[in-house]
Q: 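Below you'll find the structure I mean.
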There are 2 protein chains.
Amino acid sequence: MTSEPTRTEATEAGDDGPVSQTLARVSRLHRLSGGKLLRPTGLCSGQEFLMMTLWREGSVRQSELAKTLDLDPSTVTLMLRRLEQGGHVVRTRDPQDRRVMLVRASAESYALRPKVAQVWAQLEEHTLDGLDDEEREAFARILSKIEKNLSSTDDG
Amino acid sequence: MTSEPTRTEATEAGDDGPVSQTLARVSRLHRLSGGKLLRPTGLCSGQEFLMMTLWREGSVRQSELAKTLDLDPSTVTLMLRRLEQGGHVVRTRDPQDRRVMLVRASAESYALRPKVAQVWAQLEEHTLDGLDDEEREAFARILSKIEKNLSSTDDG
DNA sequence: GCGAGTTCATTGGTCGACCAACGAATTCAC
DNA sequence: GTGAATTCGTTGGTCGACCAATGAACTCGC
């Protein structure tokens, strides 16, 4: 009665259980780790993504931001509200199209940019510590494939 | 030792940017995908982890559950409240130690077990679709290493 | 036996993230 | 130009997840 849950029949490799499970654990740890490193900057986990986009892109529409980050519009709304209150971003209405909110990083926020970059480098190093070049390359490649797989879920 | 954060130039393979970033995206997609598959069962993303633990372990202390799932106690409290309201789990006070809450899967919940298992298999397949055995093995192995890396963050 | 510390769970607060529903602005059709 | 779709952002509701602090129960020391 012990069932046999994942039986893809080819599960011989180090069985930490299904990869999905490990992936979930790893991503949580990764996020947590990133959050801790990020805290000194005053940003929360996830916000750095948004800020990096703004730093790179300049002034962008909110809808564009949501698309770029692949986030729900409502998520972006809320994140931006916090970030605006924190003085990290500036939101203005597009005079051309009054529906649109144009978002850009505040001048002060640019002081965070190198810190965030450093945190990311640190996280990257911590994540990939002990992996040789070959493994890193393989991991990046496979992860990329998986991303494509999951992107094409498109619920329909 | 500063500077030159990610581009160690040895990162020639498909540069989707730092792996951390891809990992974050993938994990989000993965979670989303799992959530969608899970919805018909009435469970939310993350809850299936907990249920599977209960199904496997039987009756466990809440603290034990938190440790097993590597979650914050408060997170578990809230999850269990929802799950209890949904009739998926039963919580009882340990008469031996009245601090302790003993948690077990409800009888009805066992009907979900095979469905959840199926969802997991489905997710697994969708995630790893198009990867050959070697890649799957490599991915599992590397992921495992990364998990160890991130686990040892132990902030102090 | 009584107080100090520890363990356990809960509460309150914050944030990310989703979906569904809505109102406001714009575009498209006629 | 008026009305119907569409786009854009917001709001409300729900859930996962964290931290910090609190209260309840137990354990240990004396």
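Per chain, numbering begins at 1; letters A, B, ... match sequence-line order. Fair warning: this is a prediction, and the values are worked out from it, not measured in the lab.
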Q: Taking atom P of C:dA9 as reference, at what distance in whole Å does atom CG of B:D94 sit?
A: 9 Å
Q: Starting at CG of B:L71 and ending at P of D:dC19, how long is that distance when rounded to a whole Å?
A: 11 Å
Q: Using whole Å, what does the distance between atom P of nucleotide D:dC15 and atom CE of B:M51 come to?
A: 15 Å
Q: From the list C:dC8, D:dC26, C:dC19, which nucleotide is the closest neighbour of the side chain of B:R98?
A: D:dC26
Q: Among D:dC15, D:dG9, C:dC15, which is the nearest nucleotide to the side chain of A:V100?
A: D:dG9
Q: Taking it one step at a time, do B:S27 and A:H30 satisfy side chain to side chain donor-acceptor pair (under 3.5 Å)?
A: CA-CA 10 Å; B:S27 77; A:H30 184 261; over 6 Å; no
Q: Between D:dG16 and B:Q47, is there an OP1 or OP2 to side-chain N/O distance shorter than 4.0 Å?
A: yes
Q: What's the CG-P distance between A:D72 and D:dG13, to the nearest Å?
A: 17 Å
Q: Classify the ring geometry between B:Y110 and B:W55 as parallel (under 30°), tilted (30 to 60°) or perpendicular (over 60°).
A: tilted
Q: Determine yes or no for a side-chain-to-main-chain donor-acceptor pair under 3.5 angstrom, with B:T75 supplying the side chain and B:L71 the backbone.
A: no
Q: Counting only N and O atoms by type, is there a donor-acceptor contact under 3.5 Å from the side chain of B:R136 to the main-chain atoms of B:L131?
A: yes
Q: When the distance from CD of B:Q96 to P of C:dT7 is rounded to whole Å, what number comes out?
A: 20 Å
Q: Using whole Å, report how far CE of B:M101 lies from C1' of D:dC26.
A: 17 Å
Q: Among the candidates C:dA9, D:dG9, D:dT11, find the nucleotide nearest to the side-chain atoms of A:R81.
A: D:dT11
Q: Among C:dC15, D:dC15, D:dA25, find the nucleotide with the atom closest to the side chain of B:R99.
A: D:dA25
Q: Hey, which of A:H126, A:Q122, A:R28 is the one that makes side-chain contact (heavy atoms from CB on, under 4.5 Å) with A:S33?
A: A:H126
Q: Quick check for you: among C:dG16, D:dA25, D:dC18, whose closest atom lies nearest to any side-chain atom of B:T75?
A: D:dC18
Q: Closest-nucleotide mapping onto DNA chain D: is A:R28 or A:T77 further toward the 5' terminus? I mean the 5' end.
A: A:T77
Q: In terms of the nearest nucleotide of DNA chain C, which residue is placed more toward the 5' end: B:R39 or A:R31?
A: A:R31
Q: Given C:dA20, D:dT7, D:dA17, which nucleotide is nearest the side-chain atoms of A:S74?
A: C:dA20
Q: What is the distance from CZ of B:R61 to P of D:dA25, rounded to the nearest Å?
A: 18 Å
Q: Rounded to the nearest angstrom, tell me the gap between atom CG in B:L78 and atom P in D:dC18.
A: 12 Å
